[in-house]
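Accompanying notes for the structure given below.
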Protein chains: 2
Amino acid sequence: MAWKLDSERPIYTQIIERVVAGIISGTYQPGEKLPSVRELAAEAAVNPNTMQKALSELERTGLVKSQRTSGRFITEDTGLINSKKSELAKKEIKVFLEKMESMGLDPEEIENYIHEYIKEEEA
Amino acid sequence: MAWKLDSERPIYTQIIERVVAGIISGTYQPGEKLPSVRELAAEAAVNPNTMQKALSELERTGLVKSQRTSGRFITEDTGLINSKKSELAKKEIKVFLEKMESMGLDPEEIENYIHEYIKEEEA
DNA sequence: ATTACTGTACTATACGTATAATACAGCAAG
DNA sequence: CTTGCTGTATTATACGTATAGTACAGTAAT
């Protein structure tokens with residue numbers, strides 16, 4: 001099925017985020033071969049050029065490596081993956097908390113809000 | 001001083017978010033008159049057209065009203081402001097949690113991460 | 001009435017992004 | 001060797017955004 005992409009932000013950026021999330025969460029395993037550019041483009045319902053751009057950008061993080069003629073592979077460096085994971089998590093938390101505080105919510109309020117939200121979700 | 005804007009997303013969108021945050025947090029009080037388009041543009045170090053676009057978009061939320069020749073004013077409807085506040089807070093939490101969960105973190109882990117982060121910040 | 005301030009409107013230019021349509025080099029399997 | 005798959009590169013078109021420059025109608029104060 002087509003990936004969930006919005007038109008608010010560049011598609012290639014969203015693709016990068018999604019693949020990174022896939023690597024970090026383990027959906028894509030270390031050393032695993034990614035589907036080809038054309039396959040992924042079809043799966044995401046996106047132009048191959050856009051997918052190509054996203055994936056080539058993604059290489060700069062070191063999380064994937066391209067083999068030119070055989071395909072693209074997830075890094076086997078689990079240390080890199082884990083460090084990216086905690087790095088990203090911290091960054092997301094920082095951005096989130098700053099946003100909430102700019103709305104005038106203090107940390108305690110935020111924690112309560114989240115706790116309530118999670119409790120609701122589990123119900 | 002110039003506002004903190006990045007080039008990742010449309011500037012007018014970021015302006016809207018910032019003004020909304022100002023209203024929600026009380027930085028801009030109900031009924032208060034906003035600086036003029038040109039003033040705000042200068043303050044944000046942005047083109048007046050961009051500021052104009054942001055503010056006219058913002059009207060659709062009802063949080064501000066323009067008086068055509070005298071200026072723009074924050075709504076006096078505190079009920080509207082409060083409902084927008086909780087609405088936005090919930091939305092931000094939802095987006096945040098979804099993002100974190102896409103990285104393979106479960107709710108408890110997330111709560112701990114945040115708690116740690118806030119404790120560090122207060123120190 | 002003139003001056004100075006509002007919001008608003010319009011044209012033109014520049015840039016990033018997304019898509020479409022091709023093309024090519026390298027490798028593997030038939 | 002041919003076929004079919006890789007990643008990669010190139011050109012053209014279209015659209016949204018940002019900026020620059022200019023203009024105009026309505027209001028208030030002088």
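Chain naming here is simple, since letters A, B, ... match the order of the sequence lines and numbering starts at 1 in each.
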### Query
Between R9(A) and E17(A), is there a salt bridge with N-O shorter than 4.0 Å?
yes
### Query
Between Q14(B) (side chain) and D6(B) (backbone), is there a donor-acceptor pair under 3.5 Å?
yes
### Candidate pair K94(A) and E98(A), rule salt bridge (charged side-chain N to carboxylate O under 4.0 Å, His left out), full reasoning
CA-CA 6 Å; K94(A) 181 165 180 285; E98(A) 282 175 355; 3.3 Å; yes
#### Entry: Q29(A) to I74(A) - nearest heavy-atom pair and separation
O-CB, 3.4 Å
### Message
Output the rounded distance in Å from CG (L40(A)) to P (dT6(D)).
### Response
10 Å
### Task
Using a 4.0 Å cut-off on protein heavy atoms (strictly under), produce a 5'-to-3' string for nucleotides 5-17 of chain C with B for base contact, S for backbone-only sugar-phosphate contact, and - for none.
-BBBBB------S
### Query
Would you call E59(A) and R72(A) a salt bridge, taking side-chain N to carboxylate O under 4.0 Å as the test?
yes
### Query
What is the distance, rounded to the nearest whole Å, between atom CG of L5(A) and atom C1' of dA18(C)?
12 Å
### Message
Just the rounded figure in Å: distance from C1' of dG21(D) to CG of N47(B).
### Response
9 Å
### Query
Any side-chain N or O of T50(A) under 4.0 Å from OP1/OP2 of dA18(C)?
no
### Message
Please determine whether the number of non-hydrogen atoms from other residues, nucleotides or ligands lying under 6.0 Å from atom NZ of K33(A) exceeds 12.
### Response
yes
